[in-house]
Amino acid sequence: MTQLTEIRRDGSRPLLLDLFSCAGGAAMGYARAGFTVYGCDIAHRPNYPFTQHHGDALEYLAQLIASGEIIRYTAVHASPPCQAGCALTVGTNQSQGWGGTHVDLVAPTRTLLDRTGLPYVIEQPNGRAAIRKDLTLCGEMFGLGVIRHRNFELGGWTCPQPAHVPHRGRVRGYRHGQFYDGPYVAAYGNGGGKPSISELQEALGITWTDVREELTEAIPPAYTELIGRAFLAGCTMGVAA
């Protein structure tokens with residue numbers, strides 16, 4: 001792992017900027033790992049459990065870089081909108097002619113993150129998103145009730161890849177008119193035997209929001225808790241800048 005030499009702090013905890021923060025699935029994991037998290041999302045997200053700036057994430061990041069305020073942060077996490085490259089968009093939806101045109105924000109996000117000079121994480125689902133798959137995590141690695149594979153590009157640092165754990169069965173729900181039972185819930189959409197709100201909350205490990213859209217877009221906090229702990233384990237605790 002790259003040896004990181006400085007941790008910028010808010011009190012006793014290092015600061016992490018959470019871009020495209022949605023309702024805080026990633027943020028909560030980093031907080032549990034030991035960070036103070038500041039979020040930014042263009043949508044109003046009253047359920048976000050930490051301090052959050054309401055605005056365009058890339059514009060906000062550009063402002064932080066231009067003003068020099070970015071130096072307050074130790075690292076940045078970004079989860080740019082995934083619809084342009086996710087498996088559902090480029091698979092079923094595309095083959096059926098469903099959905100519309102989606103903007104791919106991964107490349108401009110990476111360009112700005114590289115300008116910060118900070119270590120960073122870019123998160124995307126399985127599909128054709130143009131990121132390095134430096135780390136891939138799955139709900140079964142954490143004993144969760146979702147599979148939810150997610151890929152992470154790590155800028156300026158590395159993290160060991162946990163072994164992938166074989167899935168215990170199917171995702172519960174309807175497929176082509178037939179119902180299948182299984183140990184995992186489908187954390188997307190509304191129909192086809194999809195889980196209740198309480199089932200989604202339990203499966204993802206998220207309790208602070210009961211908005212279905214926020215739950216179906218979130219990554220389990222367990223993922224970023226692992227990432228955050230690995231990051232901090234590779235840092236030499238220094239004096240804040």
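All figures in this text were calculated on a predicted structure; none of them were measured in a lab.
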| field | A130: side-chain contact (heavy atoms from CB on, under 4.5 Å) partners, not counting sequence neighbours | value | none
| task | Each residue besides V211 in its hydrophobic cluster should be listed here, by chain and number; the cluster joins Ile, Leu, Val, Met, Phe, Trp and Tyr at side-chain heavy-atom distances under 4.5 Å. | result | none
| said: Can you list everything that forms a salt bridge (Lys or Arg N to Asp or Glu O under 4.0 Å) with E153? Sequence neighbours excluded, please. | reply: R110, R132
| query | Between E123 and F20, is any pair of side-chain heavy atoms under 4.5 Å apart? | reply | no
| message | Just to verify, what does A75 make a side-chain contact (heavy atoms from CB on, under 4.5 Å) with, not counting sequence neighbours? | response | L16, F231
For residues 201-208, which side-chain donor-acceptor pairs fall under 3.5 Å, sequence neighbours excluded?
| unit_1 | atom_1 | unit_2 | atom_2 | d |
| --- | --- | --- | --- | --- |
| Q201 | NE2 | T209 | O | 2.9 |
| W208 | NE1 | A23 | O | 2.7 |

| said: Are the side chains of Q124 and P80 in contact, using a 4.5 Å heavy-atom criterion? | reply: yes
| Non-neighbouring partners of N151 that pass side chain to side chain donor-acceptor pair (under 3.5 Å), sequence neighbours left out | N126, T136
| said: Run the salt bridge (Lys or Arg N to Asp or Glu O under 4.0 Å) test against R32 and tell me which residues pass, sequence neighbours left out. | reply: none
| message | Filter on side-chain hydrogen bond (donor to acceptor under 3.5 Å, both in side chains), then keep only pairs touching residues 50-64, sequence neighbours left out; what's left? | response | S21-Q52
| message | Are the side chains of I227 and Y30 in contact, using a 4.5 Å heavy-atom criterion? | response | yes
Identify each donor-acceptor pair in which a side-chain atom of residues 169-176 lies under 3.5 Å from a protein atom, sequence neighbours left out, and give them as a table.
| unit_1 | atom_1 | unit_2 | atom_2 | d |
| --- | --- | --- | --- | --- |
| R172 | NH1 | E199 | OE2 | 3.3 |
| R172 | NH2 | E199 | OE1 | 3.0 |

| remark: With sequence neighbours left out, the residues meeting side-chain contact (heavy atoms from CB on, under 4.5 Å) with P108 are L58, L105
| Under a single-linkage definition using a 4.5 Å side-chain heavy-atom cutoff for Ile, Leu, Val, Met, Phe, Trp and Tyr, are I131 and L19 assigned to the same hydrophobic cluster? | yes
| field | Shared-cluster residues of Y180, by chain and number - hydrophobic side chains joined below 4.5 Å | value | none
| query | Can you say whether the rings of Y73 and Y38 are parallel (under 30°), tilted (30 to 60°) or perpendicular (over 60°)? | reply | perpendicular
| request: For Y120, enumerate each residue passing the ring-ring contact (aromatic ring centres under 6.0 Å, His included) test, keeping only those at least two apart in sequence or located in another chain. | output: none
